[in-house]
Amino acid sequence: MSFVVGLTGGIGSGKSTVAKLFAEHGAGIIDTDEIAHRLTQRGGEAIAAIRTAFGKEYITDDSALDRARMRRLIFSDAVAKQRLELILHPLILEQAKAQLLQLHTKPYIIIVVPLLPESPAFLQLAQRVLVVDCDEPTQLARVTGRSRMSEAEVRNIITQQAPRAEFLRLADDVIHNGGQDDLVEQVTVLHRRYSATQNNN
């Protein structure tokens with residue numbers, strides 16, 4: 001059985017960067033955001049259900065999810081957010097489990113789940129939780145720098161995610177990514193630990 005680490009953290013904490021560093025060490029990577037993106041692109045499995053639940057105005061002319069419009073809706077309407085999650089989460093979980101089987105030859109597997117504190121089904125897949133942590137000003141600077149979202153929109157997302165303390169309470173391991181920290185070294189140390197754990201299984 002593969003040793004699985006759940007990688008999580010708030011928006012802009014650097015989860016994707018950390019996952020890429022683990023991939024360079026040979027870890028298997030499952031990114032639930034990438035799965036969600038595939039499910040909601042043109043021809044994606046979730047499009048028909050989203051159109052039925054929310055209306056055709058949330059689907060673009062090329063039959064993909066209108067992400068900006070949906071983001072505005074779900075961060076202002078908790079019921080709509082829950083309705084979208086009920087469509088996406090079972091599909092994401094199903095595909096993540098399929099990828100786990102495909103990656104069984106890897107030394108260990110990192111599954112990237114942004115909302116891990118709120119996702120008990122994904123927590124059950126992981127033997128260990130790794131949190132990428134940084135402060136809120138760093139999160140704001142990173143997300144506004146890489147996207148078209150305003151600072152107010154990013155703050156709204158941060159307030160609706162689990163509090164930083166909740167992520168840290170869940171953590172077995174923490175990577176500090178405040179900008180001055182040596183990510184490569186932190187990942188290398190954990191890679192050695194995870195590889196040893198897998199070998200001892």
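Owing to the predicted nature of the structure, the values given are computational and were not obtained by experimental measurement.
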Problem - Verdict with supporting geometry, Gln160 and Phe75, side chain to side chain contact (heavy atoms under 4.5 Å, CB included) - result: CA-CA 8 Å; Gln160 297 205 29; Phe75 285 113; 3.7 Å; yes

[X] side chain vs [Y] backbone, donor-acceptor pair below 3.5 Å:
X      : Y      : value
Ser2   : Ile109 : no
Gln186 : Ile175 : no
Lys15  : Asp31  : no
Arg128 : Gly6   : no
His104 : Leu101 : yes
Gln161 : Ile11  : yes
Ser150 : Glu153 : yes
Thr60  : Asp66  : no
Arg142 : Gly12  : yes
Glu45  : Leu39  : no

Practice task
In sequence, state the C-alpha distance, the side-chain angles, and the governing distance for Val129 and Asp173, and then conclude on side chain to side chain contact (heavy atoms under 4.5 Å, CB included).
Solution key: CA-CA 6 Å; Val129 174; Asp173 303 302; over 6 Å; no

With side chains defined as the heavy atoms from C-beta onward, is the minimum distance between [X] and [Y] less than 4.5 Å?
X      : Y      : result
Thr8   : Phe122 : no
Leu86  : Arg83  : no
His37  : Leu65  : no
Met70  : Phe54  : yes
Asn177 : Asp133 : no
Phe167 : Val132 : no

Heavy-atom closest pair, residues [X] and [Y]:
X      : Y      : answer
Cys134 : Gln139 : SG-CG, 3.6 Å
Ala121 : Leu93  : CB-CD2, 3.8 Å
Ser119 : Val113 : OG-CG1, 4.3 Å
Ile111 : Ala96  : CD1-CB, 4.0 Å
Ala36  : Ile92  : CB-CD1, 3.8 Å
Leu183 : Thr17  : CD1-CG2, 4.0 Å

Exercise for the section: For atom CD of Glu57, decide whether the heavy atoms of other residues, nucleotides or ligands shown that lie under 6.0 angstrom number more than 12. Expected result: yes

Handout entry: CZ (Arg67) with more than 12 external heavy atoms under 6.0 Å
Key = yes

Handout entry: Hydrophobic cluster identity match, Ile74 and Leu115, side-chain contacts under 4.5 Å
Key = no

Exercise for the section: Establish whether Val184 and Leu7 are linked, either directly or via other cluster members, by ILVMFWY side-chain heavy-atom contacts under 4.5 Å. Expected result: yes

Distance, nearest 0.5 Å, that separates [atom1] of [X] from [atom2] of [Y]:
X      : Y      : atom1 : atom2 : result
Glu151 : Leu140 : CD    : CG    : 5.0 Å
Thr188 : Leu21  : OG1   : CG    : 8.0 Å
Arg164 : Ser13  : CZ    : OG    : 10.5 Å
Glu24  : Ile29  : CD    : CD1   : 10.0 Å
Tyr194 : His25  : OH    : NE2   : 12.0 Å
Lys56  : Ser63  : NZ    : OG    : 13.0 Å

Practice task
Only one of Asp172, Val112, Ile110 passes side-chain contact (heavy atoms from CB on, under 4.5 Å) with Val5; say which it is.
Solution key: Ile110

Handout entry: side-chain contact (heavy atoms from CB on, under 4.5 Å) partner of Thr40, the single match among Ile59, Leu88, Leu84
Key = Leu88

Problem - Pair Glu85 + Lys81, salt bridge at N-O below 4.0 Å - result: yes

Handout entry: Test of ring centre spacing under 6.0 Å for His191 and Tyr108
Key = yes

Practice task
Tell me, with the steps shown, if Val143 and Ile158 meet side chain to side chain contact (heavy atoms under 4.5 Å, CB included).
Solution key: CA-CA 11 Å; Val143 181; Ile158 290 171; over 6 Å; no

Exercise for the section: List the steps, then state whether side chain to side chain contact (heavy atoms under 4.5 Å, CB included) holds for Leu168 with Val174. Expected result: CA-CA 8 Å; Leu168 292 172; Val174 178; 3.9 Å; yes

